[in-house]
There are 2 protein chains.
Amino acid sequence: MQTKNTTSFAILGALASRASSGYDLKKFLEQQIGHFWKISYGQVYPLLKVLAQANLASVKEQTQKGRPPRYLYKITPAGKSELRNWLHSPLDPESPNLDREVMLRLFFGRFSEANMRTRQVEQLKAWAQGRADQHAAAGKALKQQHESNPDLPFWLITASSGTAAAIALADWCDQTLTALKGLK
Amino acid sequence: MQTKNTTSFAILGALASRASSGYDLKKFLEQQIGHFWKISYGQVYPLLKVLAQANLASVKEQTQKGRPPRYLYKITPAGKSELRNWLHSPLDPESPNLDREVMLRLFFGRFSEANMRTRQVEQLKAWAQGRADQHAAAGKALKQQHESNPDLPFWLITASSGTAAAIALADWCDQTLTALKGLK
DNA sequence: ACTAACATGTAAGTAGTTACATGATTCT
DNA sequence: AGAATCATGTAACTACTTACATGTTAGT
């Protein structure tokens with residue numbers, strides 16, 4: 001089974017706060033984390049079955065009049081421990097999507113330990129700063145190596161988007177660290 | 001043929017500035033736009049063949065001593081017109097990745113018309129502002145609907161990431177609009 | 001009368017990643 | 001001596017999207 005799939009942790013995390021049907025789950029996740037984590041029915045329904053088979057979630061059928069049955073999924077103790085394991089597992093600084101990974105973990109922050117959350121946001125901040133530096137350096141290199149290239153102004157524009165995004169991310173990390181302090 | 005694949009336009013665009021081998025291409029795109037557009041050999045080599053078959057690119061084999069032959073791809077007139085078509089095609093404001101789409105188009109901005117580029121960045125800015133508003137509203141709704149929910153602080157943190165990213169994007173659009181003015 | 005929401009699910013397709021195979025050459 | 005670069009390619013896999021099928025009920 002691929003319980004390694006990060007989306008299955010997103011589902012598991014959502015189930016940790018509230019028992020849900022696939023329909024509920026998709027709507028909830030779409031609304032709350034849809035801006036950085038996509039989910040579709042084509043994923044949710046099969047993954048819920050996988051989670052249930054792996055005993056990380058339990059199912060109860062709720063029959064309804066005139067409507068198809070609703071399957072209510074609940075997280076099991078094994079599921080909670082699997083979720084916590086994931087939340088506390090080390091970050092891979094090589095991951096191209098470290099930002100999305102950390103944000104997803106933070107969304108389920110209620111189930112992780114305060115010092116772990118803080119450490120991971122700090123790691124993300126360092127990663128973002130590193131990226132900002134890299135992009136700044138890449139911009140300088142572009143200017144020198146392609147001085148008279150008619151593409152240069154456009155290439156610089158996209159390079160600047162990298163720098164801007166990285167700086168914005170680092171700033172958000174700062175704000176988040178402050179917010180997290182208030183929760184101890 | 002799926003010449004609709006956006007990555008194939010990324011390749012076509014890169015070929016518009018410089019004839020390249022698959023190896024070159026991957027290195028170049030990875031370095032320049034890797035932060036928002038991923039490419040791998042598993043995509044590049046097959047897509048180059050598709051482009052060549054569709055007559056959007058031509059190939060020349062360059063035999064080398066001791067090394068595997070190098071295939072040099074050049075964009076054809078048909079390819080250039082296909083590229084321009086794409087660059088000038090209307091943006092889909094429903095696209096969840098409008099930012100990446102516009103950035104990619106801008107990277108190849110040399111091949112599009114100035115007023116089109118500007119219009120698309122303006123559209124992106126409006127899109128970003130709309131998102132910022134949506135996230136701000138969603139944050140307020142969260143506070144009211146989940147007042148005593150222990151998940152609330154964490155949910156607010158991820159919501160704030162959406163707002164922050166959207167605002168940063170809108171700011172970058174402003175800077176970019178200024179930069180584009182200087183190119184007329 | 002119609003539209004949206006409720007509710008499940010799957011089949012087919014698209015996109016992309018990872019890992020392997022091959023092997024000389026140039027740099028450290 | 002060993003690592004990195006040059007250079008191509010594919011097979012298997014993973015992840016995800018889109019579109020369809022089905023049908024009621026509640027709201028406008």
Side-chain angles (χ1 to χ4, degrees), chain A residues 1-12 19-31 33-53 57 59-73 92 94-97 100-101 104, chain B residues 1-12 19-31 33-53 57 59-73 92 94-97 100-101 104:
Chain A
M1 287 150 234
Q2 65 268 46
T3 321
K4 300 169 100 186
N5 184 321
T6 311
T7 297
S8 67
F9 286 114
I11 294 174
L12 202 56
S20 323
S21 65
Y23 186 84
D24 287 344
L25 215 51
K26 195 243 178 185
K27 224 177 65 174
F28 174 72
L29 289 178
E30 199 167 56
Q31 227 170 61
I33 60 168
H35 56 103
F36 68 92
W37 210 274
K38 306 296 166 198
I39 16 73
S40 60
Y41 290 131
Q43 278 175 278
V44 167
Y45 286 117
L47 283 179
L48 277 173
K49 286 190 177 169
V50 171
L51 291 177
Q53 267 170 7
V59 208
K60 259 186 207 165
E61 187 176 345
Q62 298 181 314
T63 40
Q64 306 178 109
K65 25 161 191 175
R67 285 212 177 136
R70 190 169 177 270
Y71 298 97
L72 192 72
Y73 288 84
D92 172 13
E94 299 301 303
S95 162
N97 299 320
R100 294 171 59 235
E101 171 95 21
L104 189 61
Chain B
M1 287 152 238
Q2 65 267 46
T3 320
K4 301 169 103 187
N5 184 320
T6 312
T7 297
S8 67
F9 285 115
I11 293 174
L12 202 57
S20 323
S21 65
Y23 186 84
D24 287 344
L25 214 52
K26 196 245 177 181
K27 224 178 64 174
F28 174 72
L29 290 177
E30 199 167 56
Q31 224 170 65
I33 60 169
H35 56 106
F36 66 93
W37 210 274
K38 306 293 165 199
I39 16 74
S40 61
Y41 291 131
Q43 278 174 278
V44 167
Y45 287 117
L47 283 178
L48 276 171
K49 285 189 177 169
V50 171
L51 291 177
Q53 268 171 5
V59 208
K60 260 186 205 165
E61 185 176 347
Q62 297 181 317
T63 41
Q64 306 178 109
K65 26 161 190 172
R67 284 209 182 139
R70 189 170 179 271
Y71 296 98
L72 193 72
Y73 287 84
D92 172 12
E94 300 301 302
S95 163
N97 299 319
R100 294 171 59 232
E101 171 95 24
L104 190 61

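Basis for what follows: all heavy atoms, side chains included, without hydrogens, waters or symmetry-related copies. The model shown is predicted, which means the values in this text are computed figures rather than measured ones. Letters A, B, ... are given to chains in the order of the sequence lines, protein chains preceding strands, and every chain is numbered from 1.
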Glu101(B) side, atom CD; Phe36(B) side, atom CZ - distance, nearest 0.5 Å: 10.5 Å

Short side-chain N/O contact to dC16(D) OP1/OP2 from Ser40(A), under 4.0 Å: no

Measure OH/Tyr41(A) against C1'/dG13(C) and give the value in whole Å, please. 21 Å

Indicate whether OP1 or OP2 belonging to dA15(C) is found under 4.0 Å from a side-chain N or O atom of Lys38(B). no

For atom CG of Leu25(A) and atom C1' of dT8(C), their distance in whole Å: 14 Å

Whole-Å distance, Gln62(A) CD to dT8(C) P, equals 9 Å

Could you give the OH-to-P distance, from Tyr45(A) to dT10(C), as a whole number of Å? 11 Å

Steps toward side-chain contact (heavy atoms from CB on, under 4.5 Å) verdict (Tyr23(B), Tyr71(B)): CA-CA 9 Å; Tyr23(B) 186 84; Tyr71(B) 296 98; over 6 Å; no

Is Gln43(A) close enough to dA15(D) that one of its side-chain N or O atoms is under 4.0 Å from OP1 or OP2 there? no

Starting from P on dT14(D), measure out to CG on Asn5(A) and report it in whole angstrom. 10 Å

Taking for each residue the nucleotide of DNA chain C bearing the nearest heavy atom, is the 5' side occupied by Lys49(A) or by Arg70(A)? Arg70(A)

Any chance you could measure Asn5(B), atom CG, to Leu12(B), atom CG, to the nearest 0.5 Å? 11.5 Å

Of all the choices, dC16(D), dC6(C), dT8(C), which nucleotide is nearest to the side chain of Lys27(A) once you look at every atom? dC6(C)

Atom OH of Tyr23(A) to atom P of dA4(C): distance rounded to whole Å? 12 Å

For Ser21(A), report the nucleic acid contact type (base, sugar-phosphate, nothing); a contact means any heavy atom under 4.0 Å. sugar-phosphate

Would you say Thr7(A) reaches dA15(D)'s phosphate, i.e. side-chain N/O to OP1/OP2 under 4.0 Å? no

Ser21(A) OG to Glu61(A) CD distance, which is reported to the nearest 0.5 Å: 13.0 Å

Take atom CD of Glu30(B) and atom P of dT17(C), then tell me their distance rounded to the nearest Å. 10 Å

Can you tell me how far P of dA7(D) sits from CZ of Phe28(B), to the nearest Å? 17 Å

To the nearest 0.5 Å, tell me how far Lys38(A) NZ sits from Glu30(A) CD. 8.5 Å

